[in-house]
Amino acid sequence: MPDRSDLLVIGECVADIVRLPGEAARVHPGGSPANVALGLARLAHATTLLTQLGPDDNGRLIGDHLAGAGVEVRTDGAPVPTPSAAVSLDRDGRAAYAFEIAWTLAPVAPARPPHHVHTGSIAAVMEPGSATVLAAVESLRTSATVSFDPNVRPALMGEHDAAVRRIERCVALGDVVKASDEDLAWLYPGEEPEAVAERWLDSGPALVLVTLGDKGALAVSAGVRVAVGAPVTDVVDTVGAGDAFMSGTLHALAAHGLLGPGGRDPLRRAGRAVLADVLRHAAASAAVTVARAGANPPDGAELRAALARV
């Protein structure tokens, strides 16, 4: 049974505008942190998202979408346009993004103390809002576990070395860190993903996860390395796949009692069987999402069905 204590996600919402040749543009609610919040709520976790949404059609679309899944959306009230991204898909359904975003998040107090905080993506690196995010994480981590996903967007990262330093600071604050092999290739060209995961582990996190596309994923913790293959599925597109992997990860960690301040030490001692189960849940969650259009993570019944097929 998943832990229903409050999970707090801090980060951006983005209207993904998908244009395919010969078709009208389609708008999908998106943004990496928003997608993680959506996935957690669909898996029956009490989830709050601290974010920015504009007083426009895209903002209303995203807000209604999240609320409909049970996400409590809290904003700073700033009258900024809802961020958007023009999404192009290649022949294999892989997505590329061109963003229009200003991230100016002001401090917003959560309604209730969370037992776990997740952040990442644009929210953690784009000033001035990233300073608010970092301050919130530093404050809340004294009584909550923290997860982080850099979800690298090169066009928005600024100067490379400065971006690496910002991300490494966030990594050091996290208990659980997830990155894709593409993220790591941009951050550390030429380095093997597992070597980066080991180095990140030494900086503070209890668990580092790396997604490897169609090669699966790996988990690295103190003295333990676990890998799983990617479930076989027909890919429609990869929009939101990493975010579904993240929400599946947190769902499984909560089920094992490894989130929240009482879970921090047990998380460091988690063994191979537990981490393999976490990876199975994460990979199955991502597999459901890539099999349908847009960032559309599974609910509990869909995830259980996907696990039965793995």
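Values in this document were obtained by computation on a predicted structure and should not be read as measured data.
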State whether [X] and [Y] are salt-bridged, where the test is any N-O pair (Lys NZ or Arg NE/NH1/NH2 against Asp/Glu carboxylate O) under 4.0 Å.
X: Glu12; Y: Arg153; value: no
X: Arg169; Y: Glu138; value: yes
X: Arg268; Y: Asp265; value: no
X: Asp202; Y: Arg199; value: no

Show me the pairs that pass ring pair (Phe, Tyr, Trp, His ring centres under 6.0 Å) and involve residues 150-174, at least two apart or across chains.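 Residue pairs with at least one partner in residues 150-174: His160-Trp186.
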
Cluster partners of Val27, using ILVMFWY side-chain heavy atoms under 4.5 angstrom, listed by chain and number?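 Grouped by the 4.5 Å side-chain rule, Ile17, Leu61 form the rest of the cluster around Val27.
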
How about Glu100: does its CD atom have over 12 heavy atoms from other parts shown lying under 6.0 Å from it? no

Under a 3.5 Å distance rule, please check whether [X] uses its side chain to pair with a backbone N or O of [Y] as donor and acceptor.
X: Arg264; Y: Ala144; value: yes
X: Gln52; Y: Ala78; value: no
X: Arg42; Y: Pro297; value: yes

Checking side-chain contact (heavy atoms from CB on, under 4.5 Å) between Leu8 and each of Val137, Thr47, Leu140, which is the one that passes?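 With Leu8 as partner, side-chain contact (heavy atoms from CB on, under 4.5 Å) holds for just one option, Leu140.
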
Less than 3.5 Å apart, any donor N or O on the side chain of Asn35 or Ser32 sitting next to an acceptor on the other?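 No, Ser32 and Asn35 have no side-chain donor paired with an acceptor closer than 3.5 Å.
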
